[in-house]
Amino acid sequence: MTISTAELERARPAAAEQSDEPGRSTRRPPVKAWLQPTLISLIVVAAFIACYVGLQRDPQPHQVPVAVTGPSLPGEIQQALGDAVEVHPAADAEAARHALQRHDVVAALGTAGPGHLDLEIAGAAGTSTTSAVSHLVEAYARGTGADVTTTDVVPLAEHDARGLAGFYVAFGVSLAGFVLGSNVLGLAGIMRLRHRLFLLIGASAAIGTVGAIVVGPVLGAVPAPLVPLVLVLTLLAAATAFTTKLLGAFLGPVGLPITTLVLLTVGNATSGAVIGADLLPAWAQAVSALLPPGAAVRGIADLSYYDGSHLGGPVITLALWAVAAGLLLSLHPRLKPRRVAVA
């Protein structure tokens, strides 16, 4: 039987197409296969830009806590500045400064003689927050014809002039935890579940230790005690890694983009490091301290500048995320008895 040249030419494209992926059907992929990754990518980029850029468009102070001394000044400040501040009356300048140094407030205001106001701020509270408070007090002073003297009593570390070290280390540790959890997802076929859980715990501790050493003793950007800082960063890495693996195990391919949106995007954007928590919109303030990155940023700041005065809340938040995700992962084979375990 003789095959013509024309028939050979017609056969070549089909043979070439089949040889690209042997054993694969030559059918056109379903629409879902085209749409799902595209839509997920568009949602992630839109959410990332909206959170990081949108929150910085027009930050407004809301209930910024300020300690105010004097018999009449607290009422006058509250009436003049309204909801922009939350006035905490203080018995005297020493009490106001103590509240500032404990991070109960972000500024302390009092009188230093007729026509003169004394404003003490905590630079460690963040540039955006302290600038907002300074502008509010200066506006009040202009209206009353008073002068203002501003003193930073809790300054930032020498190697963290913009106060962003806490944000960057939290973002870096969160990203490392996400990568860890994503990679451990692929070990389901070659490693037992308990071994994968041990791997997550050990690697999270390593991430926290390396992060603390680099940002602390090596770079000097975070002046926190090393051991407590390692604890906070380890809990952050564990919370992110366990949550990443949990969502990937229960939700499949959609789990990783959801983790990216919730923890890496919303969590870091609302952490209160780039834009002070008191300047965030109401919805962002509501989730800020409840998500691991926001809790970690608060914990790092408390350890670095406020002697850990409010460290309990962030540590509990991070531990709850890590422990809850770990428990759910350990129960996954029982919760999904008819499916092949992919936890």
Side-chain angles (χ1 to χ4, degrees), residues 55-156 161-164 166 270-289 294 297-298 301-302 304-307 309-310 313-314:
L55 290 177
Q56 298 183 64
R57 289 180 62 199
D58 187 26
Q60 295 294 329
H62 179 69
Q63 298 290 310
V64 179
V66 179
V68 184
T69 61
S72 60
L73 187 59
E76 294 172 3
I77 291 293
Q78 190 69 78
Q79 183 177 5
L81 302 183
D83 289 339
V85 297
E86 180 185 281
V87 172
H88 293 233
D92 51 37
E94 183 178 351
R97 187 177 301 111
H98 180 68
L100 180 61
Q101 292 170 337
R102 280 182 47 84
H103 206 196
D104 296 328
V105 297
V106 299
L109 181 64
T111 57
H116 194 91
L117 297 174
D118 189 5
L119 175 65
E120 294 182 334
I121 61 172
T127 304
S128 60
T129 299
T130 54
S131 296
V133 172
S134 297
H135 292 155
L136 289 171
V137 172
E138 289 168 1
Y140 168 79
R142 284 195 299 270
T144 59
D147 296 324
V148 182
T149 299
T150 302
T151 306
D152 188 351
V153 299
V154 189
L156 288 163
R162 298 178 60 196
L164 295 177
T270 63
S271 64
V274 178
I275 297 295
D278 298 304
L279 308 184
L280 294 172
W283 70 266
Q285 287 189 24
V287 303
S288 179
V297 165
R298 285 162 173 75
D302 278 332
S304 300
Y305 301 106
Y306 304 105
D307 296 324
S309 56
H310 297 283

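Computed from a predicted structure; not experimentally measured. In this chain, residues are counted from 1 in sequence order.
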**OP:** Locate the shortest heavy-atom distance separating L279 from P61; write the atom from each residue and the value.
**Re:** CD2-CA, 3.3 Å

Original post:
More than 12 heavy atoms of other residues, nucleotides or ligands under 6.0 Å from NE2 of H310: is that the case?
Top reply: yes

**OP:** Say whether, by atom type as modelled, one donor and one acceptor occur between the side chain of Q63 and the main chain of E86 under 3.5 angstrom.
**Re:** no

Original post:
Roughly how far apart are I121 CD1 and L100 CG, rounded to 0.5 Å?
Top reply: 9.0 Å

Original post:
Less than 4.5 Å apart, any side-chain heavy atom of V68 and any of V66?
Top reply: yes

Original post:
When you measure from the side chain of Q78 to the backbone N and O of V85, does any donor-acceptor pair fall under 3.5 Å?
Top reply: yes

**OP:** Any side-chain hydrogen bond (donor to acceptor under 3.5 Å, both in side chains) involving residues 121-148? Give me the pairs, sequence neighbours left out, ordered by first then second residue.
**Re:** E76-Y140

Original post:
If every non-hydrogen atom of V297 is compared with every non-hydrogen atom of A273, which pair is closest and at what distance?
Top reply: CG1-CB, 3.9 Å

**OP:** Applying side chain to side chain contact (heavy atoms under 4.5 Å, CB included), name anything that partners A161, two or more places apart in sequence or on another chain.
**Re:** none

Subject >> Minimum heavy-atom distance L117-A141, with the two atoms named >> reply: CD1-CB, 4.2 Å

**OP:** Verify the neighbour count for atom CG of D307: are there more than 12 heavy atoms of other residues, nucleotides or ligands below 6.0 Å?
**Re:** no

Original post:
For H62, which residues count as a side chain to side chain donor-acceptor pair (under 3.5 Å) partner, sequence neighbours excluded?
Top reply: none

Subject >> Any residue meeting side chain to side chain donor-acceptor pair (under 3.5 Å) with S288, in chain and number order, not counting sequence neighbours >> reply: R298

**OP:** Work out which heavy atom in L119 is nearest to a heavy atom in A107; give both atom names and the distance.
**Re:** CD1-CB, 4.0 Å

Subject >> Minimum heavy-atom distance between A125 and V106, given as atom pair plus value >> reply: CB-CG1, 4.1 Å

Original post:
Under the side chain to side chain contact (heavy atoms under 4.5 Å, CB included) test, which residues partner V274, sequence neighbours left out?
Top reply: Q56, L164, F167

**OP:** For side-chain contact (heavy atoms from CB on, under 4.5 Å), just list the numbers for V64 and L81, CA-CA rounded to whole Å, side-chain angles, deciding distance to a tenth of an Å, and then say yes or no.
**Re:** CA-CA 10 Å; V64 179; L81 302 183; over 6 Å; no

Subject >> Heavy-atom side-chain proximity of V133 to D278 below 4.5 angstrom >> reply: no

Subject >> Partner residues of H103 under the ring-ring contact (aromatic ring centres under 6.0 Å, His included) criterion, sequence neighbours left out >> reply: Y306

Original post:
What residues form a side chain to side chain donor-acceptor pair (under 3.5 Å) with H116, not counting sequence neighbours?
Top reply: T149

Subject >> From CD1 (I275) to CG (L280), nearest 0.5 Å >> reply: 7.0 Å

**OP:** Please list all pairs passing the salt bridge (Lys or Arg N to Asp or Glu O under 4.0 Å) test where one or both residues lie in residues 111-123, with sequence neighbours left out.
**Re:** R97-E120

Original post:
By salt bridge (Lys or Arg N to Asp or Glu O under 4.0 Å), which residues pair with D104, not counting sequence neighbours?
Top reply: R102

**OP:** Name all residues meeting the side chain to side chain donor-acceptor pair (under 3.5 Å) criterion together with E94; count only those two or more places apart in sequence or in a different chain, and write none if there are none.
**Re:** none

Original post:
Can you name the side chain to side chain contact (heavy atoms under 4.5 Å, CB included) partners of P89, sequence neighbours left out?
Top reply: P74, V87

Original post:
Once you round to the nearest 0.5 Å, how far does CG of L136 lie from CG of L109?
Top reply: 11.0 Å

Subject >> Minimal non-hydrogen separation, T270 against A284, with atom names >> reply: CG2-CB, 3.8 Å

